[in-house]
2 protein chains.
Amino acid sequence: MWIEIDFRDKRPLYEQIASKIEEMILRGVLSKDEALPSVRSLAMELSINPNTIQKAYSTLEAEGLTYSVSGRGSFVADAGGLLPKKREEIFRELDGIMQKAKVIGLTRLELMAYIQGDVKSSPGRTKAKEESDR
Amino acid sequence: MWIEIDFRDKRPLYEQIASKIEEMILRGVLSKDEALPSVRSLAMELSINPNTIQKAYSTLEAEGLTYSVSGRGSFVADAGGLLPKKREEIFRELDGIMQKAKVIGLTRLELMAYIQGDVKSSPGRTKAKEESDR
DNA sequence: CAAGTGTACTAGATCAACTAATACACTTAT
DNA sequence: ATAAGTGTATTAGTTGATCTAGTACACTTG
């Protein structure tokens, strides 16, 4: 009903699952205090070992995105307070990219132009995709 | 004399080494046709197994950044032709960041502002560092 | 009580990364 | 020619992360 596993993805399964749930939480697809699928049921659905799901849920809880109640289940935490941290994470990544860009002579202006326009020299992106970005 | 290994870095050693050499090549620190340290000497210097250096050099050669001559050594290739490819790589990374940003409501404008200003809310960056960026 | 929940633990399989040792063909300097 | 240094290949073993498998326990709910 939910997630599908991408086997071309080389990240560990538990990380892949955790990041997809994280995205749904941040997007608001999953509301505060909403119950996540049980460890066993999601494991069954994805044909994966329950321990792997358990690990994914553990990392989510460790990051404050969910909370667990023994005997009841795992639930979505309040995502609002986590946005500043996520924002920092993204800026940190951006720092790394800017450093790489500088090495090959890509200026800040060119990066900004790419972000603004988006279209230029990115074969994977189509007009249609562009539209769907809203 | 050259590279130092960062053990806090969780990437594989060979990748870490390769990327540092790659950066030096793209920066122009290493000129075209300049000889790299021999597999054995660099291994000795870094207290690392020669096979690990060998793997780093292999990946560099596979990416077209170096070329090897049996019995003579490994040398820096012409980096000029590789810039477009690297540029694409960076834009691809930028696409990923933009997607993450959109999820948490970070606008393109905010990303652009960060690139332009750079300073805001990045605790690791100091005025001094900013200056050294040239 | 029974079923479903999170959680913990042990055990084994698999794979990538790394170390270790050895070998071969080549080039260069002596 | 010899020796030293080079890239390259091969085999073997270690380690750690990932994943599967099975079991167990305490908890909550109907």
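Chain naming here is simple, since letters A, B, ... match the order of the sequence lines and numbering starts at 1 in each. For the numbers below, each heavy atom of this structure counts, side chains included, while hydrogens, waters and symmetry mates do not.
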[atom1] of [X] versus [atom2] of [N]: gap in Å, rounded?
X	N	atom1	atom2	answer
B:Q16	C:dA16	CD	C1'	16 Å
B:L36	D:dT8	CG	P	11 Å
B:E15	C:dA17	CD	C1'	11 Å
B:I5	C:dT19	CD1	C1'	13 Å
A:N49	C:dA13	CG	C1'	13 Å
B:F7	C:dC18	CZ	P	11 Å
A:Q54	D:dT18	CD	P	15 Å
B:R40	C:dC26	CZ	P	16 Å

Test item: [X] side-chain N/O and [Y] main-chain N/O as donor-acceptor pair under 3.5 Å:
X	Y	value
B:E23	B:K20	no
B:S41	B:P37	no
B:T107	B:E110	yes

>> From C-beta outward on A:S68, which listed nucleotide comes closest to its side chain: C:dG6, C:dT19, D:dT20?
In response: C:dG6
>> Of the options C:dC18, D:dG7, D:dC19, whose atoms approach the side-chain atoms of A:T52 most closely?
In response: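 In terms of side-chain proximity for A:T52, the closest of C:dC18, D:dG7, D:dC19 is D:dC19.
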It should be established whether [X] places a side-chain nitrogen or oxygen under 4.0 Å from OP1 or OP2 of nucleotide [N].
X	N	result
B:S38	D:dT6	yes
B:Y57	D:dG7	no
B:Y14	C:dC18	no
B:R72	C:dT28	yes

Select base, sugar-phosphate, or nothing to describe what [X] touches, counting heavy atoms under 4.0 Å on all strands.
X	answer
B:E61	sugar-phosphate
A:S41	nothing
A:S58	nothing

> So, B:S74 versus B:T66: side-chain donor-acceptor pair below 3.5 Å or not?
Replying inline: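 The criterion, which ignores hydrogens and geometry beyond distance, is not satisfied for B:T66 and B:S74.
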> When clusters are formed by joining ILVMFWY residues with side-chain heavy atoms under 4.5 Å apart, either directly or through shared neighbours, do B:I25 and B:V69 land in the same one?
Replying inline: no
>> Here's a test of your reading of the structure: between A:G71 and A:K55, which maps to the more 5' nucleotide of DNA chain D?
In response: A:K55
> In terms of the nearest nucleotide of DNA chain C, which residue is placed more toward the 5' end: A:N51 or A:S70?
Replying inline: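 Final value for this comparison: A:S70.
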